[in-house]
J.: 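A single structure is presented below for examination.
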Amino acid sequence: MTISAEKMKEMLWTMVLSRRFEDELMDLCKIQGKIPGMMILATGQEAVGSGACAALEPEDVIITNHRSHNHLLAKGANPNVLMAEIFCKRTGCNKGKSGTLHMAVPEINAPCTSTVVGAGPPIAVGRAFAQQYKGEKRVTVCFFGDGAAAEGSVHEAMNLAGLWRLPVIFICENNVYAGAQRLEEHAPVLNLADRAAGYAMPGVIVDGNDAPAVYQAVVEAKQRALSGDGPTFIECKTYRCRGHGEADPQHYQPKDEISAWQEKCPVPRLRDTLQAQGVITAADFQDMENRAAAMVREAVRFAEDSPYPSPEEALEDVFAE
Amino acid sequence: MTISAEKMKEMLWTMVLSRRFEDELMDLCKIQGKIPGMMILATGQEAVGSGACAALEPEDVIITNHRSHNHLLAKGANPNVLMAEIFCKRTGCNKGKSGTLHMAVPEINAPCTSTVVGAGPPIAVGRAFAQQYKGEKRVTVCFFGDGAAAEGSVHEAMNLAGLWRLPVIFICENNVYAGAQRLEEHAPVLNLADRAAGYAMPGVIVDGNDAPAVYQAVVEAKQRALSGDGPTFIECKTYRCRGHGEADPQHYQPKDEISAWQEKCPVPRLRDTLQAQGVITAADFQDMENRAAAMVREAVRFAEDSPYPSPEEALEDVFAE
Amino acid sequence: MQKLGMGQAVNQALREEMHRDPNVFIAGEGVGVSIHLNPMFPTHGLLEEFGPSRIKDTPVSEAAIAGLAVGAAEAGLRPVVEIMFNPFFTLASDMIVNHAAKLRYLSGGKSAFPLVVRMKSGAGIGAGCQHSHNLEAWVAHCPGLKVVMPATAADAKGLLKSAIRDDNPVIFIEHMGLYFAPMPVPEEEYLTPMGQAEIKRPGTDVTVVTWSGMLGVAMAAAEKLAQEGVQVEIVDLRTLVPLDKETILASVAKTGRLVVLHEATRTGGFGGEIAAVVMEEGFRHLKAPLRRVTGPDIPVPASPPQERFYIPNDEQLIMAIKEII
Amino acid sequence: MQKLGMGQAVNQALREEMHRDPNVFIAGEGVGVSIHLNPMFPTHGLLEEFGPSRIKDTPVSEAAIAGLAVGAAEAGLRPVVEIMFNPFFTLASDMIVNHAAKLRYLSGGKSAFPLVVRMKSGAGIGAGCQHSHNLEAWVAHCPGLKVVMPATAADAKGLLKSAIRDDNPVIFIEHMGLYFAPMPVPEEEYLTPMGQAEIKRPGTDVTVVTWSGMLGVAMAAAEKLAQEGVQVEIVDLRTLVPLDKETILASVAKTGRLVVLHEATRTGGFGGEIAAVVMEEGFRHLKAPLRRVTGPDIPVPASPPQERFYIPNDEQLIMAIKEII
Ligand SMILES: Cc1ncc(C[n+]2csc(CCOP(=O)(O)OP(=O)(O)O)c2C)c(N)n1
Ligand SMILES: Cc1ncc(C[n+]2csc(CCOP(=O)(O)OP(=O)(O)O)c2C)c(N)n1
Ligand SMILES: [Mg+2]
Ligand SMILES: [Mg+2]
């Protein structure tokens, strides 16, 4: 499969934007102390969300988890409302009720971010069931981690998806760690994709730092889903370059392991490929970085200028009328 | 591996006893209306419990489920206290508090019968962990059904057992039905043993109507566990000849399927083998049947003669002092 | 008027709503092909009528069943899923409590989760404590969930139809003991609003607040007490959330005396909430101490004499009432 | 006396009990290697001291963690397992509620399940409603479980040691907000018995019953009210099950007035149980209506002004007290 230049640039762009967005978050959180609560970043893993979402239409659905910023931006979320939500402001996509951890962006078909590890897959299965029930030609992509693969809910969801041939794509972002536990310490097998066969679905392993490879795997999975052949499990091998959250000193992560993976950073990797192929120039890339910087600056300004929600508004939105 | 004549006779005996015991239960429940609550029988599946338990020492542990009578009898439970418990009498193994569904018989190392489908495996993992922690040379066998394999708890338990190399043997009694759902309607794969690889454990398929085959698989799994090589998943292919419970009219089970499986009944099968091998005579078998009948008669007499617990005793046994 | 068991009334409500709205579907273990071939059961015959695309038998996977409902509801469908027995709600509870109940709030009001979880509850079936465990107090404590526990077949029909049309997650708890006793149910279509208790028997001397399977016990006790000249007013809550405080308080204002009757175990039961509401807002009307008549703080035992001992009865209620009048 | 945060006090209790009894082991997500390198956290340093055979990091599998505890406890070990945050208890709840709590009963008293489940609870960490959700009312409603919610570091130490030595399943809930404030803790070994509330401040005008993180709010309000001449008696429950009714009732007998203060949402919260107990057994002493000061019936919002709004504060408590004195 050849990937169009447009798609390639789209992936690079959402990676650049995500990286800039999260680098800014790191600064806002650790240096400036402006953001409350936890701060969980996907630095170095952007090829997964950006590659996968490039394969989706706006009407396709994603369900994400605690490490969501890249997924949401790649799916097309407005950086302003995300940033405002992360600041817990009233103009945030969820009026400040979610904060960074559970941003719901139904307007881009990213209706659910759960921080309950492993909770995404059953919900994704429900969302994909609705697509099947309504006869929509759409898929649901569910992002979750290597740690989440241990949760019973993930098993139940994959089992049901396999049984009903639902149009769902499980993307397991294997970044080697679940909290402070290394893969070997929390999983009995190194390839979580080995489990797919037990649910009658293909288990695909891709280089999770290679956005086009992720894209390609998702395109294939989508075709399969849309032809009625059901779900696919895609394990993206990547690495958590930062701590579990920004408060994590990473004392248990070998320094050389981190730096080796930083070498494999997906952003320069795709940039170099595209430059070598003549798809973009160095100036084009610089332009992307500038645009991303401007958008993130604007998002921060928007968020900072926005008011907090009033305390009493906390009473709203519990029940639909 | 050759199986000793003693073992062979032990298996046949516990099968004969279980069958007699449950045939009597069927009569007591359906014809005589003497037993309260649900009545869930394992008629035709006795080779699983009898084969597996023959491979165990008294100090090995079993954890069972709603379809437990054969497992418990094969492990050595006293028919009198089981029958009395099924009658919900005070002399029952649990003073009538459990009834037929959750009999706990710690004195034979069958400490837990859960009717919550899929709940056995995590508990078995805990029991096996204790064996490992204490350095005991013992194993824990956990019986559960094909339906249970869909529960998240079973996945979590197998994952943890595989990771910690626990001395646990998962015996999945695939009797083709989970309630009224056929395997193809509730599972995306026909061989549940295919899942074992995803937990770094061997997945063994055996003829679940062949007691010596089950025995052999469990002996091997036990050796593996005791050498520190961790758990084994054994799928026993068998068939639920009766309804889910005795109130189930089996309207969804093809009649010819039932009769085809009745032809493969494990009791006459082992009997014929042993007679052909000269291990037992027809008279020996008749003797077994007579002994079983006598024991079951005595158990029923014991149960019927026993008093119900007093209502107020219901307040006891909630907390240990 | 037709006489139906509660299971049949539920069945009628399900049929009517499925005919009305193609977005309604049903999922659960054995909701289509069932081990029961009994028209008294709620999902009897639905598979034949609506087919396998709308009546979905599932694997034994309570978390997935609940997740299916959450995801499908977000997409605008109206799932009615079944958790077979109340104790198995534990297995679905993350999906219901941390997701169905919270995701609308977490979306800032953008999404809605119009789903119904039906569960069987109640002691009296001889199946012991892993099948019989009344946990309505759990769901009533979770903002974002509505909780319905009908005591009559007619209420079950009208309330289930309202629950299905409601845009919020509703936990609908059916007492199995009510499946088999025929009760009058209007033939025509009607909706019973959630959040309204009903005075099932007017009286002046003492208020008994109850719900679900215990209504019958309350009625029996009231009948007997009436012969002794004691007029019991029976408030059937019907829905625990939203709670109809007005009806409770008006009744207590009239009688000055309160007994709460529920089958669930006493400590931490929803009876405490009723007590607190009355003590907060109706204190000046109270002439006597509260009495709670409830299951004792034990798991439900299997043995028949003990299971009967577990279930609150009219004698206990009469005794409790006599203590405070 | 040493000053410790509650996390450190828990840590000390764990160490002492692990030294005393080789059957005690610890399991959970990150209880050994942790993303926190902070001595204020409860399991800090235990892996170094006791090694990986007794300090077991687990996969992210709450049901398996709880099942591990149930099975190991039946075999005579004394597991102390951690469920990271209270809302994740849902995922372990079948194992705890249908098994840990019931299996002894189902065995007719033959087996015992001496296990402790530690959980972090409490709003105020800015993490929103999937991390902050106080569900103590759930476990307090399940016969067979004991429930401990210490408000001070000293109580945490003494109660956790008692919990570990108890032959029953104990749910031990730690309010994260208490991890970081140093409080006096006796150096020597001591056991604080479960089932005994403590008067944390004597008073004569009104009884405030509270527990866990809300004790500080109660103390602050009492301090302020004392300056206005109102003497608040503060009953810190410390354990919800067994519930020390005597201490509550004796206090209400003295003051005639009751306010319950808890962080959990109001409807169906454990405050209702306190209300019911007092209304049943202390009615004649009551001079005024009940007041409950609790979290509102909403999920805990993430936004700081809203999260502060959620958490009950001393001003609200003072207002409530003033309404009834
Ligand atoms: C049910 C549940 N258990 C525990 C946690 C705490 N927790 C948050 S993230 C995490 C690790 C998840 O690891 P993984 O799935 O690999 O995702 P990653 O953080 O690596 O992206 C844990 C244990 C949680 N949020 N939910
Ligand atoms: C958690 C839970 N869900 C549902 C049930 C109701 N139920 C009892 S047995 C059963 C089917 C189990 O099938 P399987 O595991 O194959 O065992 P079998 O009955 O065939 O022996 C179901 C759904 C239950 N007891 N527990
Ligand atoms: Mg990870
Ligand atoms: Mg089966």
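Predicted model, so just to flag it, every value in this text is computed and none were measured. Every chain is numbered from 1 and lettered A, B, ... according to where its sequence line falls, protein lines coming before strand lines.
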J.: For a 4.5 angstrom cut-off between non-hydrogen side-chain atoms, does His186(A) reach Glu29(D)?
T.: no
J.: Kindly indicate whether the side chain of Tyr252(A), heavy atoms from C-beta on, has any atom under 4.5 Å from the side chain of Leu37(D).
T.: no
J.: What part of Glu151(A) gets within 4.5 angstrom of chain D, counting heavy atoms only: side chain, backbone, both, or neither?
T.: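 Looking at Glu151(A), backbone and side chain both touch chain D.
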J.: Quick one, Phe88(D) and Val117(A) - any side-chain contact, counting heavy atoms below 4.5 Å?
T.: no
J.: With heavy-atom distances below 4.5 Å as the criterion, would you say the side chains of Leu91(D) and Val116(A) are in contact?
T.: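 The answer is yes, as the side chains (C-beta and beyond) meet within the 4.5 Å cut-off.
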J.: A side-chain contact here means heavy atoms from C-beta on lying under 4.5 Å apart; do Ser114(A) and Gln130(D) qualify?
T.: yes
J.: Could you check which of Glu185(A), His102(A), His244(A), Gln253(A) has the highest count of heavy-atom pairs closer than 4.5 Å to chain D?
T.: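 Top option by heavy-atom pairs under 4.5 Å: His102(A).
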J.: In terms of heavy-atom pairs under 4.5 Å, which option from Arg182(A), Glu313(A), Lys89(A) contacts chain D the most?
T.: Glu313(A)
J.: What part of Thr115(A) is in contact with chain D, defined as an atom under 4.5 angstrom from a non-hydrogen atom: side chain, backbone, both or neither?
T.: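 Answer is both: backbone and side chain atoms of Thr115(A) are under 4.5 Å from chain D.
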J.: Working to the nearest 0.5 angstrom, can you tell me the gap between Asp248(A) CG and His36(D) NE2?
T.: 8.5 Å
J.: Are any of the side-chain heavy atoms of Ser310(A) and Pro305(D) separated by less than 4.5 Å?
T.: no
J.: Please look at Leu315(A) and chain D and tell me whether the side chain, the backbone, both or neither of the residue comes under 4.5 angstrom of a heavy atom of that chain.
T.: both
